[in-house]
There are 2 protein chains.
Amino acid sequence: MSSAAQSAVETIQREMTVFARRARASAGRMHPELSLVSYTLLGHLEESGGCRATDLAAHYALDKSTVSRQVAALERAGLIERRPDPADHRVQVLDLTAAGREILAQVTRSRRAAFRDRLADWPEADLVRFASYLERYNAGPDGTDTD
Amino acid sequence: MSSAAQSAVETIQREMTVFARRARASAGRMHPELSLVSYTLLGHLEESGGCRATDLAAHYALDKSTVSRQVAALERAGLIERRPDPADHRVQVLDLTAAGREILAQVTRSRRAAFRDRLADWPEADLVRFASYLERYNAGPDGTDTD
DNA sequence: GACCTGAGTTGTACTGTGCAACCACACCGC
DNA sequence: GCGGTGTGGTTGCACAGTACAACTCAGGTC
C-alpha cells in the first residue's frame with residue numbers, strides 16, 4: 001500500500017471517530033426526545049419493514065441484552081410493537097406503531113434539514129460519491145466489523 | 001437540492017451512524033487496554049503536540065467535566081502528564097509521556113492493520129477522495145457541529 | 001480593590017453497554 | 001415420541017461515559 005493510501009487510511013480512521021463523537025452530542029441537543037440509539041433502531045425498523053431484536057443486535061454490533069432493553073423502552077413508550085412470529089414461537093417480530101412512525105418522521109425531518117445545511121455547498125457528484133464510499137465501507141469486503 | 005442529492009444525504013447520515021456504533025464495539029475487542037475515548041484523546045495530544053483539556057472538550061463536543069475525568073484517569077495510568085502553563089496559571093498543558101506514546105503507537109499499529117485489511121481492495125484514488133470528504137465534512141462550512 | 005470571565009474539579013445522577021445466568025421454545029438424531 | 005443441543009430473548013449485575021450544576025482558583029478590567 002502506497003504512503004498516500006496509508007495516510008488516507010489514517011485520516012479516514014481519525015475523521016470517522018471525530019464524527020462519531022460529535023454525532024452523539026448533537027443528537028442530544030437536536031432531538032432530546034429520541035436518543036441516537038432509539039432513532040437508529042426505529043430507522044432500521046422502518047427501513048427493513050420490521051425485524052427481530054437479534055437482527056438489530058447483529059447489524060449494530062450490540063449485545064442482545066442491550067437491544068432487549070432498548071426495545072422494551074421503545075415499546076413502553078408506544079413507539080414499537082412486538083408481534084410473536086406464528087412460524088417460530090421464540091421469535092418476536094418488531095414493528096413501528098403509528099406513533100413511532102410519526103416521531104421518527106419528525107426527527108428525520110429535523111436531522112435531514114441539519115445535514116442538508118451542512119452539506120449545502122457540496123456538489124451533487126461529491127455527495128453521491130461520499131455516500132457510496134460509506135456504504136461500501138460498511139458493507140465491508142466480507143461483512144467483517146473491523147471498525 | 002435534487003432528489004439524488006437528498007437521498008445521498010440520507011445515506012451519509014445512516015451509514016455514518018452504523019459506522020459509529022460498530023466502531024465502539026470493535027475498539028473494545030481490538031484494544032481493551034485503551035478505550036476508544038482514551039485512544040482518541042491520546043491521538044489528539046500526539047497530533048497537536050500537547051493542548052489544554054478545554055481544547056479537547058471543544059474538538060470532540062464533550063463536557064469539560066468529562067474530559068477532566070478522562071484526563072485524570074490517563075494521568076493516573078501514567079500515559080499523559082500535566083504541565084502548568086507558566087504564562088497562565090489557570091491552564092494545564094497536557095502532553096504524552098513516553099509510556100503514553102508507546103501504547104498509543106502500539107494501538108495505532110493494530111488499528112491501522114485492521115483498517116488496511118478492510119480497505120485493501122480500494123483503489124488509492126478512492127481512499128484519498130474518501131478521506132478528503134470526511135475531512136471536509138468534519139471541518140464543516142463554518143465549524144458547526146451539525147452531526 | 002471589586003467584579004466578571006475562563007479553566008478545571010467534584011458531586012450527583014442517569015444512560016448505554018456487556019457479560020453471565022437464565023428461560024422457553026425449536027430443531028435434530030435416534 | 002424424546003432427550004440433547006441450539007437459538008431468541010430477558011434479567012441481574014457491574015461499570016464506563018456522560019451531562020449538568022455548583023464550586024475554586026487565577027486573570028483581566030475598570
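Naming: A, B, ... by sequence-line order, numbering from 1 per chain.
When each of A:Ser38 and B:Arg52 is assigned the nucleotide of DNA chain C with its nearest heavy atom, B:Arg52 is the one assigned upstream, toward the 5' end. With DNA chain C read from its 5' end, the first of the two nearest nucleotides for A:His89 and A:Ser35 is the one closest to A:Ser35.
Partners of B:Glu81 according to the side chain to side chain donor-acceptor pair (under 3.5 Å) rule, which considers only residues two or more places apart in sequence or in another chain, do not exist here. Residues forming a side chain to side chain donor-acceptor pair (under 3.5 Å) with B:Asp95 (at least two apart in sequence, or on another chain): none. Legend: residues meeting side chain to side chain donor-acceptor pair (under 3.5 Å) with B:Arg129, ordered by chain and number and at least two apart, are A:Tyr133, B:Asp126. With sequence neighbours left out, A:Glu135 forms a side chain to side chain donor-acceptor pair (under 3.5 Å) with no residue at all.
One can place CG of A:Leu74 at 15 Å from P of D:dG9, the figure rounded to the nearest angstrom. Straight-line distance from the CG atom of B:Leu36 to the C1' atom of D:dC15: 17 Å, rounded to whole Å. Rounding to whole angstrom units, CD of residue A:Gln92 and P of D:dT7 are separated by 18 Å. Atom NE2 in A:His31 sits about 17 Å away from atom P in C:dT15, given to the nearest Å. Rounded to whole angstrom, the span from the CG atom of B:Asp55 across to the C1' atom of C:dG8 amounts to 13 Å.
The hydrophobic cluster analysis finds B:Val128 isolated: no Ile, Leu, Val, Met, Phe, Trp or Tyr side chain comes under 4.5 Å of it, directly or through other members.
The shortest distance between the side-chain N/O atoms of A:Gln70 and the OP1/OP2 oxygens of C:dG16 is below 4.0 Å. In terms of phosphate contacts, A:Ser68 brings no side-chain nitrogen or oxygen within less than 4.0 Å of OP1 or OP2 of D:dT11.
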How would nucleotides 18-24 of chain C be written as a contact map, 5' to 3', with B for base contact, S for sugar-phosphate-only contact and - for no contact, using protein heavy atoms under 4.0 Å?
BBB----
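Between B:Tyr60 and B:His44, the ring planes are perpendicular. Angles over 60° get that label, and only those under 30° would be called parallel.
Looking at B:Leu119 and A:Gln13, their side chains never come closer than 4.5 Å, going by heavy atoms from C-beta outward.
Residue pairs meeting the salt bridge (Lys or Arg N to Asp or Glu O under 4.0 Å) criterion with at least one member in residues 3-17 of chain A, sequence neighbours excluded, are A:Glu10-B:Arg112, A:Arg14-B:Glu47.
Near DNA chain D, meaning a heavy atom under 4.0 Å away, the residues from residues 81-88 of chain A are A:Arg82.
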Can you give each donor-acceptor pair under 3.5 Å made by side-chain atoms of residues 62-72 of chain A, sequence neighbours left out, with the distance rounded to 0.1 Å?
| unit_1 | atom_1 | unit_2 | atom_2 | d |
| --- | --- | --- | --- | --- |
| A:Asp63 | OD2 | A:Ser65 | N | 2.9 |
| A:Asp63 | OD2 | A:Ser65 | OG | 2.6 |

